[in-house]
Amino acid sequence: MKFILSNYTTPILLRTNESSCNCSTFIENGKRYLISRNVSYSIVKDKSFLYDGKWHTKNFLYEIKDNYDLSFIKELETINGSNNCRFFGYEDIRTINWNNQNYFLCTKVHGNDDTGTMCIGEIKNCSLTNIKELKTQNRREKNWAPIENEPFNALYSQDKKINLNDVKLYSLSNDFKASGSTPVIKFNSYNLAIVHIRNKNVYQHYFVLYDCDYKIIKVSEPFSFFGNNTEFCCDMKFNNNVLEIFMSVNDGISYVFRLPETMIFEIFENKLTNSVCNNDIFEKFFEDAVKIQAWNVAAVQALAVNKKENLETAIEINHEKTTLNLQHKKEIQRVLLTKYYS
């Protein structure tokens with residue numbers, strides 16, 4: 001990685017009522033809202049721990065107050081089905097405003113074979129409505145990036161654009177091969193997005209600048225948010241001339257990064273090159289998981305920490321507060337105790 005974004009701007013922890021990832025935001029009736037995805041597993045260093053033997057996704061709605069304080073509103077309705085279906089629920093919701101109406105794109109995974117399609121729907125009265133499925137010939141659809149400047153169009157990948165009304169693909173002849181992360185948003189007379197490449201379970205991110213025809217003008221150096229392997233972002237929007245990026249680590253803890261316009265120019269001028277990693281990132285992830293009382297996430301993150309006080313807290317959390325299945329609970333406790341007494 002050429003640079004780590006947290007070396008240049010301080011991330012703000014999103015204090016949800018549960019573990020959260022892949023958040024997105026929208027404005028309705030003058031109020032700002034956040035959709036937070038919650039999953040039934042935790043990840044640390046590419047290893048996952050399932051809580052209760054069931055894969056699921058839930059989505060929760062919060063109002064964003066001053067200083068990014070979050071006020072819980074409700075759980076959003078999701079897909080119902082058997083417990084055997086992997087990742088039930090709408091995944092990776094991306095929000096966009098088209099013609100003064102809020103819309104969202106998301107992934108719908110059908111079953112254990114991991115096939116999936118994209119869905120589009122409207123957000124009205126803080127609910128997901130008028131949802132329809134969008135199918136192409138591919139076995140699995142993910143990471144379509146809605147385009148702010150073009151209603152009902154999305155980047156299907158960096159070399160194609162898709163019309164969501166008739167689900168037709170149009171070639172853009174871009175050579176850069178990457179998957180969509182954030183929506184494509186207006187930036188001066190250009191268009192801006194973050195995309196990602198997943199290489200051996202490591203997420204590598206790029207800022208991309210497009211012209212009005214969505215041909216790529218400039219791709220930034222690869223970057224990481226914290227220097228962690230599992231990082232993902234679904235939302236990026238301007239708020240009072242500050243670029244806000246909502247991202248998560250290890251599918252369990254979410255943050256917002258705030259970038260002034262000057263930093264965007266510095267990124268594309270390749271002026272951010274300090275890739276020194278913070279060796280205490282897992283201590284931070286553990287402590288932040290404790291702050292939001294995401295006990296399962298905290299216990300798993302503690303597997304990578306070394307501070308005695310953190311290990312002592314994690315041992316207590318894993319024993320008294322986690323809902324992990326017994327096998328995982330025992331495995332985590334064994335590692336924590338070994339590290340604590342070593």
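Below, all heavy atoms of this structure are taken into account, side chains as well, without hydrogens, waters or symmetry copies.
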Under 3.5 Å, is there a donor-acceptor pair between the side chain of [X] and the main chain of [Y]?
X	Y	result
D251	C21	no
S19	A294	no
Q101	I123	yes
T322	W295	no
N191	D211	yes
E63	I73	no
K339	L311	no
K321	Q293	no
Y41	F49	no
T117	K135	no

Does the pair T323 and N296 meet the rule for a side chain to side chain donor-acceptor pair (under 3.5 Å), with working shown?
CA-CA 7 Å; T323 59; N296 293 317; 2.9 Å; yes
Evaluate the salt bridge (Lys or Arg N to Asp or Glu O under 4.0 Å) criterion for residues K284 and D288: first the C-alpha distance (whole Å), next the side-chain angles of each, then the deciding distance (0.1 Å), finally the verdict.
CA-CA 6 Å; K284 175 177 176 53; D288 285 349; 3.1 Å; yes
Any [X] side-chain heavy atom under 4.5 Å of [Y] side chain:
X	Y	result
T182	R94	no
L243	I185	yes
F282	K307	no
C126	E28	yes
R15	Y68	no
I292	V297	no

K271 charged N/C atom sitting above Y8 aromatic ring, 6.0 Å / 45°
no
So, for [X] and [Y], which heavy atoms are closest and what is the spacing to 0.1 Å?
X	Y	answer
H328	S48	CE1-O, 4.4 Å
N174	K215	OD1-CA, 3.5 Å
S24	T95	OG-CG2, 3.6 Å
P146	W98	CB-CZ2, 3.7 Å
L259	M263	CG-SD, 3.5 Å
N22	S254	N-OG, 4.3 Å

Show your working on side-chain contact (heavy atoms from CB on, under 4.5 Å) between N229 and I43 and close with a plain yes or no.
CA-CA 10 Å; N229 286 353; I43 294 175; over 6 Å; no
For residues [X] and [Y], is any side-chain donor paired with an opposing acceptor at under 3.5 Å?
X	Y	result
Q333	N318	yes
S181	Y206	no
E221	T273	no

Could you tell me whether [X] atom [atom1] has more than 12 heavy atoms of other residues or ligands within 6.0 Å of it?
X	atom1	result
K47	NZ	no
N29	CG	no
K2	NZ	no
Q327	CD	no
N125	CG	no
N241	CG	no
K31	NZ	no
Y190	OH	no

Under the criterion side-chain contact (heavy atoms from CB on, under 4.5 Å), I'd like the reasoning laid out for T57 against R37: C-alpha separation, chi angles, the key distance, then a yes or no.
CA-CA 7 Å; T57 281; R37 179 184 173 207; 3.2 Å; yes
Taking atom CD1 of I197 and atom CD of Q158, what is their separation to the nearest 0.5 Å?
9.0 Å
Drop me the distance from I120's CD1 to L134's CG, to the nearest 0.5 angstrom.
6.0 Å
Would you say the ring centroid of F26 lies under 6.0 angstrom from that of F104?
no
Can E18 and K58 be said to form a salt bridge (Lys or Arg N to Asp or Glu O under 4.0 Å), step by step?
CA-CA 11 Å; E18 66 288 315; K58 295 180 180 179; over 6 Å; no
When clusters are formed by joining ILVMFWY residues with side-chain heavy atoms under 4.5 Å apart, either directly or through shared neighbours, do [X] and [Y] land in the same one?
X	Y	value
M236	L209	yes
F265	V208	no
Y103	I27	no
I12	L34	yes
F226	I194	yes

Determine, stepwise, if the pair L164 / L105 fulfils side-chain contact (heavy atoms from CB on, under 4.5 Å).
CA-CA 10 Å; L164 302 176; L105 287 178; 4.0 Å; yes
What class does the angle between the rings of [X] and [Y] fall in, given that below 30° is parallel, 30 to 60° is tilted and above 60° is perpendicular?
X	Y	result
Y203	H205	parallel
F232	H196	perpendicular
F207	F223	parallel

E244/N239 under side chain to side chain donor-acceptor pair (under 3.5 Å): CA gap, chis, key distance, verdict
CA-CA 7 Å; E244 296 179 331; N239 180 28; 3.1 Å; yes
Picking from F72, F246, Y33, what satisfies ring pair (Phe, Tyr, Trp, His ring centres under 6.0 Å) with Y62?
F72
Test side-chain contact (heavy atoms from CB on, under 4.5 Å) applied to N59 and L128, step by step
CA-CA 11 Å; N59 292 284; L128 310 181; 5.7 Å; no
Dump the intermediate steps for side chain to side chain donor-acceptor pair (under 3.5 Å) on D92 and T107, then the final yes or no.
CA-CA 6 Å; D92 302 345; T107 307; 4.8 Å; no
Please test N97 against N102 for side chain to side chain donor-acceptor pair (under 3.5 Å), starting from the C-alpha separation and ending with a verdict.
CA-CA 4 Å; N97 188 282; N102 289 312; 3.1 Å; yes
